[in-house]
Every structure is written in structure tokens, then in C-alpha cells.
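Below you'll find the structure, written out as C-alpha cells, and then a few comments.
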Amino acid sequence: MDTIAVIDFETTGLSPAHGERATEIAAVLVREGRIVDRYQSLMNAGRRIPPFIEALTGISTAMVRQAPPAEQVMAEVADFVGTVPLVAHNAGFDSRFWDAELSRIGRQRCQSFVCSMLVARRVMPEAASYKLGSLVAIAGLPSAARAHRALADAEMAAHLTLYLERELQRRFGLATVTYELLERIQKVPKRGLQRCVERYGSSCTGGQAEG
DNA sequence: TGCCAGGCCCTCTTTAGGGCCTT
């Protein structure tokens, strides 16, 4: 697969449409099956951290007050990922904050998002839970020492994405898995994985699908 | 003061409702 950027936000809440802001961002670049570069920063958007969020993430109001301005951090991370396609776990959440924070500095996303949770629903249909930590445990991947921090979660999502790629290669005999195939897979209906791979994975084929 | 997300997915569904997942 070509280079991808796996990102993760920590925020003050669930919806930028209701005034919630980002407090931390991490992005890891994944190339040729491994993480090759990392960006991480707290950011100061001038907001207090709700007690629930501080308990969840360990990020306090004092910590973000000492952090660089959100505008500076978003400009840096946007430059860091460039035009590389993006991946996030439950990407609907991260894409909304990515777009909202970028719009505050007059910039616009120029690439698409793939959601590792939606891909996992197709590739790991037996999973009892699709929380990031649960999928990492099910797949036997190394778990982060401190979940709910941006870099730790971005690295776990990156390892999960690489696992999903390996699973697709193993089960369908694909030489490689393209980002475009992941985009297709996350949108197929349940039980539509094999047909999707047969139809759109042909350029990746290194053997026969196992069925 | 109280309320505020959004998309996917399942089922006791489809003229709906509720759980999951992200913080």
C-alpha cells in the first residue's frame, strides 16, 4: 500500500458543531508495512477541559494552556501529512474535527478518510467489540501503555490497519492492498467483502481468493 | 436551565428504535 497517515484527536467533546475543540493531535506515517514518522502535539484552543475528559485522557486545562496555539499545531500537522490519504478509527469523528480545525486556519482537506472501524467490521466480523483497544487485543497486536492519548491511539490504529491489510492479503491471496480497496471495503454491505475484493482487488491479486 | 453529534448496524425492521464508537 502507498503511504498513509493515521491520525487521532483528543478533544473537549464529541461535536465541533457544538463548539467542542481539539486538545491534542497525532499523526503517524505508515509506509511499506511500518510506521516511518510521527507528529504529536497538545494544542491550546482556549478551552477548559471538562472533568470527564481530563479523567479519560489525563489532559488537563493547565497542560493545554502551556501548549502551542491550535492554529499553529493544525498548520504543522497539515503540512506533516500533506496530501497523503488519511485513516482514523471511527473516522467520522476525527474527520469532523480535522475539517473544523483546518477551516479555522483557512485551509481545507484535500484527501479522503478511511475508517479502520468500518474496515474491521468487514474483515473481523466475529469481533465482539469494535473499540480500538478491543480490536488490538483480538488481533494480538501490541497495546499502548497510555490509551486515550493521541499518539498512542494513532499508533494502535496504524498497527490495526496493517493487520487488516495482512488479513486481506492472506485470505484473498492479494499481493498488496490499495487504499482504494480499503475505501471500497468500508462501504460494502455486510457479507459483501468477498464480492468487493473480487471486483476491486484485481489489481492487487497475487493468487486466488480462498472464498 | 437544559439541551446539543453522526453514521453504521441490528432487529422484536423497513411507516423505527436503540446500541455502538469516537471525546
Side-chain angles (χ1 to χ4, degrees), chain A residues 4-28 40-65 67 70 73-74 77 86-104 109 112-139 141 143-144 146-161 163-164 182-196:
Chain A
I4 60 172
V6 184
I7 73 156
D8 186 80
F9 274 108
E10 304 305 319
T11 72
T12 62
L14 293 175
S15 174
H18 288 268
E20 311 292 3
R21 294 296 305 274
T23 59
E24 188 179 46
I25 176 75
V28 299
Q40 176 195 27
S41 182
L42 289 164
M43 66 179 88
N44 184 3
R47 297 298 171 90
R48 293 188 61 84
I49 308 298
F52 168 74
I53 300 293
E54 181 173 345
L56 179 70
T57 67
I59 297 172
S60 66
T61 301
M63 289 167 67
V64 295
R65 280 184 176 161
V73 172
M74 286 308 301
V77 71
L86 299 171
V87 174
H89 198 70
N90 197 16
F93 172 85
D94 290 279
S95 65
R96 283 193 296 274
F97 276 96
W98 182 267
D99 292 347
E101 294 291 346
L102 276 190
S103 73
R104 289 177 173 273
R109 174 162 55 94
S112 56
F113 264 98
V114 154
C115 176
S116 56
M117 184 178 73
L118 294 182
V119 176
R121 277 179 172 162
R122 295 293 169 260
V123 179
M124 304 168 70
E126 74 289 351
S129 165
Y130 290 91
K131 290 181 181 178
L132 179 58
S134 299
L135 292 170
V136 164
I138 291 168
L141 302 170
S143 59
R146 182 65 173 96
H148 294 299
R149 287 299 298 266
L151 182 59
D153 285 1
E155 290 191 349
M156 283 200 295
H159 288 303
L160 174 63
T161 303
Y163 170 83
L164 295 171
L182 296 182
E183 285 186 298
R184 298 280 186 180
I185 288 172
Q186 70 178 349
K187 296 173 183 172
V188 297
K190 192 177 183 183
R191 291 183 286 276
L193 176 62
Q194 179 166 347
R195 174 176 286 189
C196 179

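Each chain gets a letter, A, B and so on, in the order its sequence line appears, and its residues count up from 1. Predicted, not measured: the structure shown is a model, and the values here were computed from it.
Ring geometry for A:Phe113 against A:Trp98 counts as perpendicular: the plane angle is over 60°, on a 0 to 90° scale with 30° as the lower cut.
The gap from the C1' atom of B:dC12 to that of B:dG6 amounts to 25 Å, rounded to the nearest Å. Rounded to whole Å, the C1' atom of B:dT23 lies 28 Å from the corresponding atom of B:dA16. Taking the P atom of each, B:dT13 and B:dG7 are spaced 25 Å apart, rounded to whole Å. With P as the reference atom, B:dC4 and B:dC10 are 26 Å apart, rounded to whole Å. Comparing the C1' positions of B:dG2 and B:dC8 gives an interatomic distance of 29 Å, to the nearest angstrom.
Atom-to-atom distance recorded for A:Thr11:OG1 and A:Arg21:CZ is 11.0 Å, nearest 0.5 angstrom. To the nearest 0.5 angstrom, A:Arg121 atom CZ is 15.0 Å from A:Ile185 atom CD1.
In this entry the distance linking CG of A:Leu132 with P of B:dT22 reads 6 Å, nearest Å. Across the protein-nucleic acid pair, A:Ile25 atom CD1 and B:dT22 atom P stand 16 Å apart, rounded to whole Å. Distance NZ (A:Lys131) to P (B:dC20): 8 Å, rounded to an integer number of Å. Whole-Å rounding puts the A:Phe113 CZ to B:dC8 P distance at 15 Å. B:dC8 atom P lies 20 Å from atom CE of A:Met124, rounded to whole Å. If you measure from atom CG of A:Leu14 to atom C1' of B:dC20, you get 13 Å, rounded to the nearest angstrom. Distance NE2 (A:His89) to P (B:dC20): 14 Å, rounded to an integer number of Å. As a whole-Å value, the separation of A:Glu24 CD from B:dT23 P is 11 Å.
Contact of the A:Ile49 side chain with the A:Thr12 side chain is registered, since non-hydrogen atoms from C-beta on lie closer than 4.5 Å. In this structure, the side chains of A:Leu164 and A:Met124 come closer than 4.5 Å at one or more pairs of heavy atoms.
A:Ser129 has a side-chain polar atom (N or O) that falls below the 4.0 Å cut-off from OP1 or OP2 of B:dC21.
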Before you tell me yes or no, could you show the steps for A:Arg122 and A:Gln194 under side chain to side chain contact (heavy atoms under 4.5 Å, CB included), namely the whole-Å CA-CA distance, both residues' side-chain angles and the distance that decides it to 0.1 Å?
CA-CA 10 Å; A:Arg122 295 293 169 260; A:Gln194 179 166 347; over 6 Å; no
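Where A:Leu118 and A:Asp153 meet DNA chain B, the nucleotide closest to each residue was compared, and A:Leu118 sits on the side nearer the 5' end. Comparing A:Arg96 and A:Arg121 against DNA chain B, the residue whose closest nucleotide sits nearer the 5' end is A:Arg96.
Within the nucleic acid shown, A:Gly92 has no heavy atom closer than 4.0 Å to any nucleic acid atom. Counting any heavy atom pair closer than 4.0 Å across all strands shown, A:Asp8 reaches sugar-phosphate atoms only and no base atom. Residue-level contact check: A:Arg122 touches the backbone only, with heavy atoms under 4.0 Å from sugar-phosphate atoms and none from bases. Using a 4.0 Å heavy-atom distance criterion, A:Thr57 is classed as a sugar-phosphate-only contact. Across all strands shown, A:Phe9 has heavy atoms under 4.0 Å from sugar-phosphate atoms exclusively, and none from any base.
Of all nucleotides listed (B:dT22, B:dC8, B:dC4), B:dT22 comes nearest to the side chain of A:Phe93. Side chain of A:His18, nearest nucleotide from B:dA5, B:dT22, B:dC9: B:dA5.
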